[in-house]
Amino acid sequence: TTSTLRIAGSKSVTVEVLKKNPYRPDIKPNPEPVLFDEASELIAFSSDRGEGSSKADRWSKLSSVQIKNFKAIDSLTLALADVTILVGPNGSGKSSVLQAIHWAARAASYIEPKKQTEVISFDRLDYSPSSEPLKTAHKTELLSGRETPPTTVVFISSQEEDELSAATVKIWAARNRSGISVSIDGGAAVTPFKQRTELITAYIPGLAGLSEKETILVQPLLRRQAASGDAGGVLRNILFNLANRQPGEVDYSAAEDRVAKLTRLVQMVHPGVVIEVSFDEREDFHINATFLDERLEGEKRPLESAATGVLQVVQIFAYLVLFRPKLLLIDEPDAHLHPDKQERLIEALEIAANEFQVQAILTTHSPHIARGASHSSKLVWIKNGQVVNEDDETIMALLGWGGLDKKILFFVEDENTQPIRAILKQWPHLYKQIAICRCFGVDNLPRNSMLKGFIEDNNLVLGEIGNHG
């Protein structure tokens, strides 16, 4: 059934009322849609797969992105692959890249189709990169004057015959400083951004855990909270929607396919893990979510009791399967994963990027993620808000030696490095700048031109100490 909601001072909105049944893999659901009019039913906007979707479908993969005047970044140009891995020391600007891209995309989504600008109050924004967003400009604050520097993000895509198309998003402070003023230009390239029914970007920060309980959210509210980066508060809702009929779906075949894809991707990282979710509207007030793990003898356990590393992987792929964003932005997914799982994660992301036609950008400190990536992925070393190096071999070597955030590489012949560490610790400031690398013999000291090149290019100091007595 369909109804029309008329909101004061706004347009009429047509909504479709659908029954949401729990997903049961052991029971084949009735292929005939059943319509209800009870108060407990979910309301889903009928435009969710309509005009907004067609606009998002006009998206072209990005060849690069440019960011100016945001947090640690003064000006940066980042070339993109299907999977782009950002490495670098803490405070280098890696997370700033993800936040700037997401903020620009979400702010642009508020601009109406026939307009190029919009003023958005802070309480309307579904994502803010800071509790004080006007203080996120590089070494200054955003101002309202158009003659002042805005935060700028340029989304550049390659078209046919090597022609480039770019959508430029600029953000200033609103005149009363109670919000932001956003503009977008770039011809046809802006069309995918100017809609709010599909997520162009999905931002996945580190997951600290789940909320204790979740009630069912209508889809516009779910999208809003998911866009905010509040993963722990809506993960059960995302899983519930993923496993149930969506607007325009006449049976559960698409839902079963989404569940199968999620399970396959999660099990590439965590074999034997299965997620189950249900909601009985006659009995339940909160969504029930459980997981099975073969290592735990197949006993169902509440989802919130799962290891953080399991929840992190479930979150990443649940966002991808349900929302199908064009850009998947993942901040340090290795934080709660064993090194073996880290390598499996990057392999799964590469497969998912090809299958879902999504571009993933992730930050990491892990040499295991870099080592697990194929040559189709791109490694980028960022330092002080700038791209320092894009050579995969150099970056993997520095990650392996622990030298990305150090000024000195100290190669030690002996296996035991404790004596030299004890000496260096007498000068704590110096010790923090040194990466000590065991060579297990002086003959194993790197001597190739690659080592010489990146030491010279990146202003590193090479030291060697051996036992010749």
Side-chain angles (χ1 to χ4, degrees), residues 59-66 76-89 92-94 97-98 101 155-159 162 164 204 261 264-269 313 316-317 320 325-334 337-383 386-405 409 437 446-458 460:
W59 177 268
S60 296
K61 278 192 175 183
L62 300 182
S63 58
S64 62
V65 63
Q66 296 176 354
L76 175 148
T77 299
L78 177 67
L80 298 178
D82 283 354
V83 177
T84 304
I85 304 169
L86 309 183
V87 302
S92 62
K94 304 185 305 295
V97 170
L98 306 187
I101 292 172
F155 300 87
I156 304 170
S157 58
S158 297
Q159 303 294 324
D162 295 328
L164 295 179
I204 304 175
K261 288 178 178 178
R264 173 170 52 83
L265 290 169
V266 169
Q267 290 186 351
M268 288 184 67
V269 185
V313 172
I316 290 170
F317 292 120
L320 175 61
K326 307 304 180 184
L327 297 172
L328 188 63
L329 312 171
I330 314 169
D331 204 0
E332 298 190 8
D334 54 281
L337 290 175
H338 184 274
D340 174 59
K341 306 291 188 182
Q342 294 173 18
E343 294 187 17
R344 292 184 181 187
L345 174 62
I346 192 63
E347 293 171 4
L349 280 172
E350 289 181 340
I351 291 172
N354 180 65
E355 180 179 346
F356 289 86
Q357 291 299 292
V358 65
Q359 289 177 278
I361 308 174
L362 62 147
T363 68
T364 186
H365 293 276
S366 169
H368 305 284
I369 283 186
R371 182 166 56 241
S374 71
H375 292 296
S376 64
S377 294
K378 184 176 184 62
L379 289 171
V380 180
W381 177 8
I382 292 179
K383 186 177 182 180
Q386 297 180 334
V387 173
V388 175
N389 199 308
E390 299 180 68
D391 181 77
D392 291 1
E393 186 178 2
T394 299
I395 293 171
M396 283 191 285
L398 278 171
L399 275 171
W401 291 328
L404 275 181
D405 58 348
L409 299 180
C437 314
R447 300 178 185 276
N448 56 31
S449 57
M450 181 271 291
L451 176 63
K452 181 175 182 289
F454 76 67
I455 288 176
E456 293 176 350
D457 294 343
N458 300 298
L460 295 169

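Atoms NE2 and CZ, from H338 and R344 in turn, are 10.0 Å apart once rounded to the nearest 0.5 Å. Interatomic distance, CG of L98 versus CD1 of I361, reported as 6.5 Å (0.5 Å rounding). For the atom pair CG (D82) and CG (L349), the distance works out to 11.5 Å, reported to the nearest 0.5 Å. Rounded to the nearest 0.5 Å, atoms CD (Q66) and CZ (F155) are 11.5 Å apart. To the nearest 0.5 Å, atoms CD1 (I204) and CZ (F317) are separated by 9.0 Å. Atom OG in S60 sits 11.5 Å away from atom CG in L164 (nearest 0.5 Å).
Of all heavy-atom pairs spanning G88 and W381, the tightest one is CA-CD1, 4.0 Å. The two residues S92 and K94 make their nearest non-hydrogen contact at OG-CG, 3.3 Å. Summarising the geometry of V269 relative to L345, their closest heavy-atom pair is CG2-CA, 3.8 Å, with the distance given to 0.1 Å. When every heavy atom of I346 is checked against every heavy atom of A373, the shortest pair comes out as CG2-N, 3.7 Å.
Inter-residue side-chain proximity for L320 and P325 is flagged as met; some heavy-atom pair is nearer than 4.5 Å. Between L86 and L78 there is a side-chain heavy-atom pair separated by less than 4.5 Å. The closest side-chain heavy-atom distance from L62 to L327 is below 4.5 Å. A 4.5 Å side-chain heavy-atom check between E332 and T364 finds every atom pair outside the cut-off. L80 has its side chain out of reach of S63: every pair of non-hydrogen atoms, C-beta onward, lies at least 4.5 Å apart. Annotation: side chain of I101 is in contact with side chain of L329 (closest heavy-atom distance under 4.5 Å). Under the 4.5 Å side-chain criterion, counting only non-hydrogen atoms from C-beta, I382 is not in contact with T363. Counting only heavy atoms from C-beta outward, the side chains of Q342 and R371 never approach each other to under 4.5 Å.
Between the E350 side chain and the S376 main chain, no donor and acceptor come within less than 3.5 Å of each other. The backbone N or O of P89 lies less than 3.5 Å from no partner atom in the side chain of K383, so there is not a single donor-acceptor pair.
If you run side chain to side chain contact (heavy atoms under 4.5 Å, CB included) between I85 and each of I369, V380, I330, only I369 comes through.
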Could you walk me through whether K341 and H368 pass the side-chain contact (heavy atoms from CB on, under 4.5 Å) check? CA-CA 9 Å; K341 306 291 188 182; H368 305 284; over 6 Å; no
Stepwise side-chain contact (heavy atoms from CB on, under 4.5 Å) test for D334 and L362 = CA-CA 10 Å; D334 54 281; L362 62 147; over 6 Å; no
Before giving the answer on side-chain contact (heavy atoms from CB on, under 4.5 Å), spell out for K61 and Q357 the whole-Å C-alpha distance, their side-chain angles and the decisive distance to 0.1 Å. CA-CA 8 Å; K61 278 192 175 183; Q357 291 299 292; 3.7 Å; yes
Stepwise side-chain contact (heavy atoms from CB on, under 4.5 Å) check, V87 with H365:
CA-CA 6 Å; V87 302; H365 293 276; over 6 Å; no
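Under 3.5 Å, the side chains of T84 and Q359 contain no donor-acceptor pair of N or O atoms.
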